[in-house]
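Accompanying notes for the structure given below.
Basis for what follows: all heavy atoms, side chains included, without hydrogens, waters or symmetry-related copies. Positions are given from 1 along the sequence.
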Amino acid sequence: MDISNWVSAHNLSNQITTGAPQAGFRCDPSAAVRSAGRDVTPGTDISGVGTLKSIDEAARQGYREDYSIRDAADALWRKETQTFNLKDLDDPEKSKEFLENWRIQARWDLGIQGGGPTKEEVLSAYIQDLRQNGLDGSVDWNGLTHELKAFQATSPEELEDGLNYMASRYVAALDKLERNFSGEELAAQRAKLEEIYQAGKAGMIDGYTELLQDNLGIPDSGAQAVRDSLSSILAEKEEAYRGALKQVHEAVAQTGPDSVWLKNHDAYIASQLRAAGGAEGRSEARYSVQDLTAAGKIAQDYRTEIDGASSCGRNETTLALNLSMADMKAEAMISKGLVGKDMAALLRGSRTQGHENALAALNQALAQRESRRAAGEPKGTYAPVDSAVFRGIYDAVMSAYRQNGGDGAKAIQAGVSAGEKLTAQAAARAPKAARWGVSMKHYLQEFYKAPEEQEVTLLGLQIKYLTNAKPRTSAYQKYVNSWQDFLASIGGGVDIRA
């Protein structure tokens, strides 16, 4: 059993082969142009809440889809014709050529027929030129830098794909340099590659480690173990891909005339290394990729709650219910053997700090609201966090989860039941706090009711009619759905008493 269906995997195969080889070399056009890069910003994504991926996947050659020979040629053609340097503004011929190529590409992308050559015709002619002239051994340093930089905000869903991509791109680029350079020139090229690769690795490792540390609250020792594990996994993958180089080059040699240029297309070689599947062996790292993927998914849950608390979009009750749901998911994965004992200890040991991080975010948000109370709002409208409410509801859920054999959705009911008493006590302690009293009592009373079952108003009916709104589910049903979706993703139910 694994959690591979939590991770979007790529499948790189189905190559297009054409004709018999011809000689000649041509400068790799990708080495003479600059990719239009942009920085990436981490976001959030868990169970359909928010979006984590703000990463420029377009920069990654052959990352998720099959990367055929024609795809490789298309990537070269786009780089050669669709990139415009400011220094060319003073050259009328280059400006005209760029605009014409851009117009042709735009017409293709929009699906406009007629008025010029088809993409198939242009690419066929371009491939013939590649067969005649080949590619030299230079590496597109700017493009490679941009590709690797894109992984500094790697999500759990793409962790394994990202590690494979990073290692395969490095091995393919190094192989390309070693086949085309020697002596001092090779040493200089290697040094450049190492500089770019190490920076890309550091960005990816630090970014993923921060996802876990900032949201789960793992200690510094745990964070270092995560870094060490990711570094070890990358080293193992590099070694595995080196072992697959001979097989890939033999396959490329069978591609007829395209072998002339494909052998020096490092992005294509990297895609074939990944397709060969040589980096899927057992790792000796402390935390496996599966461990780290699972931890990342739980960290995303926590980050959603911390972000919500930071804007007062959560209170002690909803934080307790949502974080207990995240921790029950972790317990289910541990029980099914989907998380190793070391990662299980890290997840369990960091929970208290993770909860504190969320409560601290809420407390800060409440303090800010309190300092900016609207006219007429009494002092204490945004009273500080009542940790007794959070802890009481959370403990009730987790206790019920252990007693009922691992039914997370049913355990939520115990939390809601406990919440009715705990929030009433909180209202007595802070009677002016807006989040207690009537509003919280109404939320808990209506927890199991779909909106259509709740009090109906004339305005509500009019809005529903005008917007043709579909029936919505109750707050409780959302937890049920989330739990059922999670169980399906890990391959079925779990009984922690079994």
Side-chain angles (χ1 to χ4, degrees), residues 8-12 28-42 52-69 71-83 85 135-155 157-177 189-208 230-231 233-235 237-238 241-242 245 248 261-262 264-275 279:
S8 298
H10 57 268
N11 177 23
L12 301 164
D28 180 348
S30 67
V33 299
R34 175 179 297 274
S35 297
R38 65 180 176 87
D39 291 335
V40 294
T41 305
L52 175 73
K53 299 178 190 174
S54 54
I55 298 174
D56 185 2
E57 291 186 3
R60 306 174 188 180
Q61 300 185 58
Y63 178 52
R64 290 193 178 278
E65 69 283 349
D66 295 340
Y67 199 56
S68 68
I69 292 174
D71 292 331
D74 182 55
L76 290 176
W77 185 87
R78 285 176 180 267
K79 281 190 173 184
E80 187 171 3
T81 62
Q82 303 296 299
T83 304
N85 294 317
L135 296 172
D136 68 9
S138 56
V139 172
D140 173 14
W141 297 121
N142 291 318
L144 184 61
T145 298
H146 180 47
E147 287 179 53
L148 301 189
K149 184 180 180 181
F151 289 95
Q152 68 187 19
T154 298
S155 71
E157 295 88 348
E158 66 179 1
L159 178 60
E160 183 153 28
D161 282 345
L163 290 166
N164 288 335
Y165 188 92
M166 183 86 64
S168 65
R169 286 295 278 123
Y170 168 70
V171 169
L174 179 59
D175 170 66
K176 178 179 180 177
L177 295 177
Q189 295 284 314
R190 275 176 171 168
K192 181 67 174 178
L193 175 60
E194 287 299 325
E195 176 187 356
I196 291 173
Y197 181 56
Q198 294 303 323
K201 279 175 57 176
M204 181 186 199
I205 291 172
D206 289 346
Y208 202 81
L230 288 168
S231 182
I233 291 168
L234 276 169
K237 289 182 179 294
E238 291 163 24
Y241 285 133
R242 288 189 187 98
L245 274 171
V248 168
W261 60 278
L262 284 177
N264 278 337
H265 193 308
D266 50 308
Y268 178 81
I269 296 297
S271 75
Q272 300 314 293
L273 289 173
R274 297 192 297 275

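Taking 4.5 Å as the limit, some side-chain heavy atom of Leu148 sits within range of a side-chain heavy atom of Met166. Put simply, the side chain of Tyr268 does not reach to within 4.5 Å of the side chain of Val248, judged on heavy atoms. With contacts defined as side-chain heavy-atom distances shorter than 4.5 Å, the pair Leu159/Leu230 qualifies. For the pair His265/Gln272, no side-chain contact is recorded, criterion being any heavy-atom separation below 4.5 Å from C-beta on. Residues Ile196 and Val139 have side chains not in contact (no heavy-atom distance under 4.5 Å, counting atoms from C-beta outward). Within the 4.5 Å cutoff, the side chain of Leu163 has no heavy atoms near those of the Thr154 side chain.
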Practice problem: Apply side chain to side chain contact (heavy atoms under 4.5 Å, CB included) to the pair Trp261 and Ile69, showing each step before the final yes or no. | Solution: CA-CA 10 Å; Trp261 60 278; Ile69 292 174; 3.6 Å; yes
Practice problem: Begin with the C-alpha distance, continue with both residues' side-chain angles, and end with the deciding distance and a verdict on side chain to side chain contact (heavy atoms under 4.5 Å, CB included) for Leu234 and Ser231. | Solution: CA-CA 5 Å; Leu234 276 169; Ser231 182; 5.9 Å; no
Quiz item: Can you list the steps and then say if Phe151 with Lys201 is a side chain to side chain contact (heavy atoms under 4.5 Å, CB included)?
Solution: CA-CA 8 Å; Phe151 289 95; Lys201 279 175 57 176; over 6 Å; no
Quiz item: So Asp140 and Lys79, side chain to side chain contact (heavy atoms under 4.5 Å, CB included) or not? Walk me through it.
Solution: CA-CA 10 Å; Asp140 173 14; Lys79 281 190 173 184; 2.7 Å; yes
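Checked by atom type, the side-chain pair Thr145/Asn142 shows no donor-acceptor distance below 3.5 Å. A donor and an acceptor atom, one from each side chain of Glu158 and Tyr165, are nowhere located under 3.5 Å apart.
Looking at Asp74, its side chain never comes within 3.5 Å of a backbone N or O of Asp71 through a donor-acceptor pair. Although no hydrogens or angles enter the test, the distance criterion places a donor-acceptor pair under 3.5 Å between the side chain of Asn264 and the main chain of Leu135.
The shortest heavy-atom contact between Met204 and Gly162 is CE-C, 3.5 Å. The minimum heavy-atom distance linking Ala75 with Tyr67 is given by the pair CB-OH, 3.6 Å. A pairwise comparison of heavy atoms in Lys237 and Asn164 identifies NZ-OD1, 2.7 Å as the closest pair. Scanning both residues, Leu177 and Gly137, for their nearest heavy atoms gives CD2-O, 3.9 Å.
Considering CZ of Arg169 and CG of Leu174, their distance stands at 12.5 Å, rounded to 0.5 Å.
The aromatic rings of Tyr197 and Tyr170 sit parallel to each other, their planes meeting at less than 30°, with 60° as the upper class boundary.
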